[in-house]
Number of protein chains: 4
Amino acid sequence: MSDTVAIRPPAAAIDEQSPRERLLMAAASLFRSKGYDRTTVRDIANEVGILSGSIFHHFRNKDEILRAVMADCVDTLLINMDKALASAQTPEQRLRAMIRCELESILGEQGNALTVLVFEWRALSEESKTSLLASRSQYEQLWHHELQLAEDAGLVKESIDPLILRRFLGGALYWTTHWYQSDGDYNIDQLTEQAMALVMK
Amino acid sequence: MSDTVAIRPPAAAIDEQSPRERLLMAAASLFRSKGYDRTTVRDIANEVGILSGSIFHHFRNKDEILRAVMADCVDTLLINMDKALASAQTPEQRLRAMIRCELESILGEQGNALTVLVFEWRALSEESKTSLLASRSQYEQLWHHELQLAEDAGLVKESIDPLILRRFLGGALYWTTHWYQSDGDYNIDQLTEQAMALVMK
Amino acid sequence: MSDTVAIRPPAAAIDEQSPRERLLMAAASLFRSKGYDRTTVRDIANEVGILSGSIFHHFRNKDEILRAVMADCVDTLLINMDKALASAQTPEQRLRAMIRCELESILGEQGNALTVLVFEWRALSEESKTSLLASRSQYEQLWHHELQLAEDAGLVKESIDPLILRRFLGGALYWTTHWYQSDGDYNIDQLTEQAMALVMK
Amino acid sequence: MSDTVAIRPPAAAIDEQSPRERLLMAAASLFRSKGYDRTTVRDIANEVGILSGSIFHHFRNKDEILRAVMADCVDTLLINMDKALASAQTPEQRLRAMIRCELESILGEQGNALTVLVFEWRALSEESKTSLLASRSQYEQLWHHELQLAEDAGLVKESIDPLILRRFLGGALYWTTHWYQSDGDYNIDQLTEQAMALVMK
DNA sequence: TATGAATGAGCCTTCATTCAT
DNA sequence: GATGAATGAAGGCTCATTCAT
């Protein structure tokens, strides 16, 4: 429920990026902190040091910027999830890996984009929603699949429907973006353990 | 992550309300479904059958409408919470009462306003934020207090920090607004039990 | 060129007046200090303690208020001028009487209305202009007539066309409304003498 | 007291100017003839053949247009005054030069802007007033200084306080904007002589 | 590719005026 | 005569988008 400060990427990396990437990072940061509607194309252009008209050489319109932010985000999310699961064996390890991966995405460098993906979905045009739906449901299905395995392994409470559990857990984790402070009492590992404690038997 | 349809109040009640109340209900519904920024003052006026200029007889500006939606919502929330707790004795009953009360607020008639309160906080002017802060933190402190009692009673897992637990739980419950369907497999009582299973030992 | 504070009537007299008169005084004061366009009907109503809708029981529209302020002002001006001239014999006495009368009108209780008459003429509707033109030119002709007599009497420099002289003098006197301070170095009598010195040989 | 038609610049020159200059000329003309408050941003845009939104490419808001009109005007005024005084030797020549310069400013191409500067001061925002005050008082001090010299030289009546004299004269000259007709009986030189006759012994 | 002036639709807000009570 | 809710036409300003340079 609190205002949050958008995450800035490490300054060192900015100069090495393509204009498109710099625009997307600036957009993600602004969309997250001000919201899509309140962020003007000019804001984004300013942030990367070009004029507003020039943005339309990179994106057809503002909606496409939002879509690109989200699309890149889901793609990265899937890749990271794959990586995280690759080295996890037991059901518990796999569940922990997924939670940590999602938390790292929300609270780390990807945080702006993922927060935007989660909380600005409504701002997307219908077409863009359609075009993103496949990847997003792929990601959710990954969760459902793994949570089902966890339940089968007797890891989580069987009194909770795995579908509901995923939604509860998703809400809980997404919500961290609104209150988590990296200089607070918990680092991401510790927060992961708290979330594990929540879902595990 | 999915689009949701804003909750409409029972049509029967609409005609009996004051203009101000009808405006607030229309505003809550629109703010929830389209977002504050995308909702125009004309939209709201149309919804209640007046012209846009007339709105400013009831509210000084658009921000004040948002603030009123939220303020009424927090007030009702506190009242409902009090009522819910009045008839609850044991720690478990009290915890269940609070969860059910919050879920009913999110998914029932108050749902539009509460969803707006939670997810459009950023759209508020700074002054309005300040003016609402007291009630909002009063509500949160109620939660912290009761969760602490629940932990003392050995009801919830002591491995989770009650402050973190409230935030996880809040996120999980708020998030229901984005996926819950009243004609689905779970009614509010059943969902309450699922949430209870989540937080209890 | 400077901002001026509108003159307030003696508070004692306010209660004895008819609503219409109170409205006109409030209007004159506001029109003078804020300008006609920036003064809202609500402002005027507030000033006399009624609601804006009630004003239209006294005046058909805002333009009619302005016209009434001006019409009353010209009428009073003509009456005062007559009075002032009644007791003046010699050309010099008559000229002094007129200058003092005009200055008293500008800087005294009538000041708001007269300032409005002079500097808000443009804000009048065309019809209102027409309806006021007769009295106004009567007033100006009075000046031209007397200045002609003064020139015939060798009182003012014959190198100045009396028509031009009236306009110079009018401008000079009207302008006092923008700089004169009643608590400054000159009272109205002294200012009259300064103006006399200006126009006399 | 009469309506006046705003001065239009020679049509030949219009096309050669920058958009900003054309906007300022149009604004000066409209502000003078209709008043600042009655002039809409759309009016100004129409006059120069652009759309209303485009104005805000050149000026942040309407107030800034007014300020720019006035600021340019004072600057030009000071420059012209300097030029006029540069070739004037005797006190009488200097006084005549200043009067002619002010009259030319009021009744010539600068007339719209100067009339606006004098009669629309009240419409300025407080910040704009502050930002213009320095130049304006510099201009007035120039007058006070020269009038003092004129009095020391025995040129003007010593019975009039030079400060009052400047105000009388300023009012008289500013006022010409409301009655002077360039095709009437007096050209600017002749009017200058009439004004000289007014102030000189 | 970048620029930056221009577009034009649309937004929030104001305000004189009306009218049923 | 007063009220006050409603009207509806503007008004100032914003902003995504276009396009000639």
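All figures in this text were calculated on a predicted structure; none of them were measured in a lab. When reading the values below, keep in mind they use all heavy atoms of this one structure, side chains included, and skip hydrogens, waters and symmetry mates.
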Verify the contact: side-chain N or O of C:His57 to OP1 or OP2 of F:dT3, cut-off strictly under 4.0 Å; return yes or no. no

So, for A:Ser52 and A:Val41, which heavy atoms are closest and what is the spacing to 0.1 Å? O-CG1, 3.9 Å

SB check A:Arg122 B:Glu120 (cutoff 4.0 Å): yes

Distance, rounded to the nearest Å, where D:Arg42 contributes CZ and F:dG12 contributes C1': 8 Å

How close or far is atom P of E:dT18 from atom CG of C:Asn61, stated in whole angstroms? 8 Å

From B:Asn61, B:Leu23, B:Val48, residue fulfilling side chain to side chain contact (heavy atoms under 4.5 Å, CB included) relative to B:Ile55: B:Leu23

Could you pick out which residue, C:Ser54 or D:His58, lies toward the 5' side of DNA chain E when each is mapped onto its nearest nucleotide? D:His58

Rounded to the Å, how far apart are A:Lys62 NZ and E:dG10 C1'? 14 Å

Categorize C:Thr40 for me: base, sugar-phosphate, or nothing, with a 4.0 angstrom heavy-atom threshold over every strand shown. sugar-phosphate

Sorted by position of nearest nucleotide on DNA chain F, 5' first, the leading residue of B:Pro19 and A:Ser52 is B:Pro19

Distance-only side-chain donor-acceptor flag, A:Asp43 / A:Thr40, under 3.5 Å: yes

Let me spell it out: for each of D:Ile55 and B:Gly53, pick the nucleotide of DNA chain E with the closest heavy atom. Which residue's pick is nearer the 5' end? D:Ile55

From CD1 of D:Ile65 over to C1' of F:dC13, roughly how many Å is that when rounded to an integer? 11 Å

Starting from P on F:dA20, measure out to CZ on A:Phe56 and report it in whole angstrom. 17 Å

To the nearest 0.5 Å, what is the distance between OG1 on B:Thr115 and CZ on B:Arg32? 4.0 Å

When the distance from CG of C:Asn46 to C1' of F:dA2 is rounded to whole Å, what number comes out? 15 Å

In whole angstroms, how far is the P atom of F:dA9 from the CG atom of B:Leu51? 9 Å

Go ahead and name the base partner of E:dA20; Watson-Crick or wobble counts if both distances stay under 3.5 Å, otherwise write none. F:dT3

Value in whole Å for how far the C1' atom of F:dA16 lies from CG of B:Asp37: 15 Å

